[in-house]
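Quick notes on the structure that follows.
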Amino acid sequence: MGKEEQVEEREVLDSIFPDEIQDISDSEFRISILLDIINDDGDDSEQPTMLLQVKYPEAYPDEAPVLDIIAPPNAAPHPYFSVGSDREVLLEGLKDTIEENMGMAMIFTVVSTLKDNAEQLVAERQGAARHEHEQKLLAAEREENKKFHGTPVTPETFKSWRADFRKEMEEARIKDEETEEAAEKKRNRGKDTVVPLTGRQLWERGLAGKIEEDEDFDMPETMEKLKVDA
């Protein structure tokens, strides 16, 4: 019973995979599986291929087939798929399919499941790589945007700015006065010269009221006489 079912399944498989199947013995063969991968822009990698090696035990399909996954000779490396690294995961992913199809010809279903699982694995890795790339671009964009944004204004930052501004203005005023006094001394050959203060300078130095008090002097006699004569 098992042998007849094996022969019938092989005939079906030969018709489905005429160029992909290769006999090893009467009960053992390999099927080449080409993955359908959509490469991202700039990725010129060849579509990965793997070989599913199948051996019928005498009681198959009432007994699970012996399976293995191997890489084709001289297979080109792929950035998101490696038979050597992914073999155990892919074989583990076939266990449920085998269990569900015990007692029936299952190799075509196993091939389909293996192909789907491998393509899904590659798609997930491509998605992760795209996400990582996008995050790097966003991080670079955020760093670039920082150049165009100033420090947010808060009461604390405004007070700090105002204090610094006033300090800078006072330093600039003192420097201007020193420069003006030095220039005046130079014009007077180094002698100290009394430079009249402006109204603003008097106000800033708190001298305005004092000077007004000092200016409370007696009116000259000439002025008094003029008032009387008038």
Side-chain angles (χ1 to χ4, degrees), residues 1-140:
M1 182 69 176
K3 190 66 174 177
E4 293 178 3
E5 291 180 340
Q6 294 172 20
V7 172
E8 290 177 1
E9 183 179 41
R10 272 305 311 273
E11 291 176 354
V12 173
L13 292 174
D14 286 338
S15 66
I16 298 174
F17 306 110
D19 300 321
E20 292 85 4
I21 198 164
Q22 176 187 3
D23 287 324
I24 298 174
S25 67
D26 292 340
S27 61
E28 191 172 1
F29 55 93
R30 291 174 182 167
I31 300 176
S32 177
I33 303 173
L34 177 66
L35 303 186
D36 296 321
I37 303 298
I38 300 176
N39 290 340
D40 292 331
D41 293 340
D43 184 1
D44 299 326
S45 304
E46 295 181 8
Q47 301 292 285
T49 301
M50 58 183 167
L51 301 176
L52 175 64
Q53 185 161 313
V54 182
K55 183 176 182 180
Y56 288 145
E58 186 174 349
Y60 175 86
D62 294 326
E63 183 180 345
V66 179
L67 305 177
D68 196 9
I69 303 171
I70 59 178
N74 304 317
H78 192 276
Y80 303 114
F81 183 76
S82 169
V83 172
S85 301
D86 300 327
R87 174 179 173 275
E88 294 299 328
V89 173
L90 293 173
L91 287 173
E92 183 69 23
L94 296 175
K95 288 185 176 181
D96 289 343
T97 300
I98 294 172
E99 186 67 27
E100 292 169 1
N101 289 274
M102 289 296 294
M104 300 181 291
M106 67 178 76
I107 301 304
F108 176 76
T109 304
V110 168
V111 170
S112 298
T113 301
L114 177 60
K115 184 174 184 296
D116 290 344
N117 290 349
E119 290 171 352
Q120 179 64 29
L121 192 64
V122 172
E124 291 173 355
R125 290 169 179 170
Q126 287 178 318
R130 284 193 293 269
H131 179 72
E132 181 179 358
H133 179 66
E134 291 170 358
Q135 291 302 309
K136 288 181 179 179
L137 291 179
L138 289 174

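Side-chain atoms of Gln6 come within 3.5 Å of backbone atoms of Tyr60 as a donor-acceptor pair (strictly under, hydrogens ignored). Between the side chain of Asp86 and the backbone N or O of Ala118, no donor-acceptor pair lies under 3.5 Å.
Looking at every heavy atom in both residues, Pro57 comes nearest to Ala64 through CG-O, 3.3 Å. Between Leu34 and Pro48, the closest heavy-atom pair is CD1-O, 3.6 Å. For the pair Asp62 and Met102, the tightest heavy-atom approach, listed with the atom from each and the gap, is O-CE, 2.9 Å. Between Pro61 and Met106 the shortest heavy-atom distance is O-CE, 4.3 Å.
With respect to Leu114, the side-chain contact (heavy atoms from CB on, under 4.5 Å) criterion is satisfied by exactly one of Thr97, Ile31, Leu94: Leu94. Of the options Ile107, Val66, Leu13, a side-chain contact (heavy atoms from CB on, under 4.5 Å) to Val54 is made by Ile107 and by none of the others.
Residues passing the ring-ring contact (aromatic ring centres under 6.0 Å, His included) test with Phe29 are Tyr56, sequence neighbours excluded.
Atom-to-atom distance recorded for Glu100:CD and Thr109:OG1 is 10.0 Å, nearest 0.5 angstrom. The distance from the NZ atom of Lys95 to the CG atom of Leu67 is 11.5 Å, given to the nearest 0.5 Å. Between the CD atom of Gln126 and the CG atom of Leu121 there is a distance of 10.5 Å, given to the nearest 0.5 Å. Distance check, rounded to the nearest 0.5 Å: CD of Glu46 to CG of Leu35 gives 13.0 Å. Summarising the geometry, atom CG belonging to Asp68 is positioned 11.5 Å from atom CG belonging to Leu90; distances are rounded to the nearest 0.5 Å. Rounding to the nearest 0.5 Å gives a distance of 6.5 Å between CG of Leu52 and CD1 of Ile69.
Annotation: Leu138, atom CG; neighbour count of heavy atoms from other residues, nucleotides and ligands within 6.0 Å is above 12. Applying the 6.0 Å contact sphere to CD of Gln135 captures more than 12 heavy atoms from other residues, nucleotides or ligands. Open room surrounds CZ on Phe108; 12 or fewer heavy atoms of other groups in view lie less than 6.0 Å from it. Within a 6.0 Å radius of CD in Gln47, more than 12 heavy atoms belonging to other residues, nucleotides or ligands are found. The number of heavy-atom neighbours closer than 6.0 Å to CG of Asp23, taken from other residues, nucleotides and ligands shown, is above 12.
Counting only heavy atoms from C-beta outward, the side chains of Lys55 and Ile24 never approach each other to under 4.5 Å. Leu51 is not listed as a side-chain neighbour of Gln22, based on a closest heavy-atom distance of 4.5 Å or more. Between Ile16 and Val111, the closest side-chain pair of non-hydrogen atoms is not below 4.5 Å. Ile37 has its side chain out of reach of Phe81: every pair of non-hydrogen atoms, C-beta onward, lies at least 4.5 Å apart.
Contact check on Glu132 versus Lys136 returns a salt bridge, with a Lys/Arg side-chain nitrogen under 4.0 Å from an Asp/Glu carboxylate oxygen.
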Is there a side-chain contact (heavy atoms from CB on, under 4.5 Å) between Ile33 and Glu119? Walk through the geometry before answering.
CA-CA 11 Å; Ile33 303 173; Glu119 290 171 352; over 6 Å; no
